[in-house]
Amino acid sequence: MAQTPQRGGGGNDRNRRDNRNAPVDGPDSDIVEKLVHINRVAATVKGGRRFSFAALMVVGDGKGRVGFGHGKAREVPEAIRKATEEAKKTMIRVPLRENRTLHHDGNGRWGAGKIMMRAAPPGTGVIAGGPMRAVLETLGVQDVVGKSTGSSNPYNMIRATFEALKVQSSPRQVASKRGKKVADLMGRRNDGASAPEAAPEAQEA
């Protein structure tokens with residue numbers, strides 16, 4: 001005997017479709033997106049000019065991961081969506097000291113863009129402007145001093161900033177490459193810092 005279909009199945013399907021648009025607690029749920037630059041470009045075609053928009057986006061999780069991407073489309077929202085997707089695919093991980101600043105100073109260069117970044121003590125804040133500030137904030141840096149000494153082109157500044165971040169290394173990474181312990185490296189740093197202080201004492205004696 002054939003069973004009659006139960007009513008209400010459509011409601012379950014409707015709930016299932018609604019859940020697709022609900023926020024998902026996944027790896028991308030805590031991603032911070034920032035629009036750095038948007039530019040209107042034109043292509044000359046037969047009959048006139050065709051306008052489109054190019055967007056430059058920076059994304060990060062505020063915990064040491066950051067990426068950038070650019071997209072172009074006929075509409076601004078579509079260009080932003082393309083740039084955001086590309087940025088999420090090209091995210092890199094940068095080691096942070098105490099989850100607030102860089103481990104050491106760094107310089108980056110891309111084309112005519114040149115930037116420098118310095119680690120800063122607590123309470124300094126993010127002293128940087130333009131595209132560099134967007135990258136550092138989405139990365140999760142809270143104390144840093146940055147300066148651009150080259151081109152002000154946002155694309156060059158972003159790429160130069162990422163070149164400087166790629167060479168950042170933590171004491172654990174350096175120790176693993178040298179086959180030593182982190183305590184040995186930190187001990188050498190402390191010894192080097194105390195040497196200048198011991199010199200005046202020796203002269204006074």
Short N-O contact, Lys82 and Glu86, less than 4.0 angstrom: no

If you compare all heavy atoms of Ala87 against all heavy atoms of Gly69, which two are closest, and at what distance to 0.1 Å? CB-N, 3.5 Å

Take Arg74 and Glu78, measure what salt bridge (Lys or Arg N to Asp or Glu O under 4.0 Å) needs, and give me the verdict at the end. CA-CA 7 Å; Arg74 298 291 299 273; Glu78 182 66 14; over 6 Å; no

Residue from Val66, Thr90, Thr84, Thr138 passing side chain to side chain contact (heavy atoms under 4.5 Å, CB included) with Val59: Thr84

Do you know which two heavy atoms are closest between Ala73 and Ala79, and how far apart they sit? CB-N, 3.6 Å

Atom pair CD1 (Ile38) and NZ (Lys72), whose distance is rounded to the nearest 0.5 Å: 13.0 Å

Ignoring hydrogens and angles, tell me if any N or O in the side chain of Asn156 forms a donor-acceptor pair with the backbone of Gly111 under 3.5 Å. no

If we ignore hydrogens and angles and just use 3.5 Å, is the side chain of Arg100 paired with the main-chain N or O of Ala120 as donor and acceptor? yes

Examine distances only and state if a side-chain atom of Arg133 and a backbone atom of Ala128 form a donor-acceptor pair shorter than 3.5 Å. yes

Between His70 and Arg159, which heavy-atom pair has the shortest distance, and what is it? NE2-NH2, 4.2 Å

Considering only heavy atoms from C-beta outward, does the side chain of Met117 approach that of Val145 to under 4.5 Å? no

Charged N to carboxylate O under 4.0 angstrom, Lys114 versus Glu163? no

Parallel, tilted or perpendicular: which one describes the rings of Phe162 and Phe68, with boundaries at 30° and 60°? tilted

Please check if Val32 and Val36 belong to a single hydrophobic cluster, counting links between Ile, Leu, Val, Met, Phe, Trp and Tyr side chain heavy atoms closer than 4.5 Å. no

Donor-acceptor under 3.5 Å (Gln168 side chain, His104 main chain): yes

Mind checking the CG-CG spacing from Asp105 to Asn107? Nearest 0.5 Å is all I need. 8.0 Å

Electrostatic pair Glu85-Arg81, nearest N-O below 4.0 angstrom: yes

Roughly how far, to the nearest 0.5 Å, is OG1 of Thr101 from CD of Gln142? 9.5 Å

Does any non-hydrogen side-chain atom of Met57 lie less than 4.5 Å from one of Lys34? no

With hydrophobic residues grouped by side-chain heavy-atom distances under 4.5 Å, do Met91 and Val94 end up in a single group? no

Just list the side-chain donor-acceptor pairs under 3.5 Å for residues 41-56, sequence neighbours left out, or say none.
none

With the side chain counted from C-beta on, respond yes when Val141 and Leu96 share a heavy-atom pair under 4.5 Å apart, and no when they do not. yes

Answer with yes or no whether the hydrophobic clustering places Met157 together with Leu139; edges join I, L, V, M, F, W, Y residues whose side-chain heavy atoms lie under 4.5 Å apart. no

Applying a strict under-4.5 Å side-chain criterion to I, L, V, M, F, W and Y, I'd like to know whether Ile80 and Ile158 cluster together. no

Provide the closest heavy-atom pair for His37 versus Pro154 in the form atom of the first, atom of the second, distance. CG-CG, 3.8 Å

With rounding to the nearest 0.5 angstrom, report the CG to CZ distance, Asp30 to Arg65. 8.5 Å

Answer whether the closest heavy-atom distance between the side chains of Lys147 and Ile115 falls below 4.5 Å. no

Step by step, work out the side chain to side chain contact (heavy atoms under 4.5 Å, CB included) result for Asp143 and Val126. CA-CA 5 Å; Asp143 304 298; Val126 180; over 6 Å; no

Applying the 4.5 Å side-chain criterion to the ILVMFWY set and letting contacts propagate, would Met116 and Leu136 be lumped into a single cluster? no

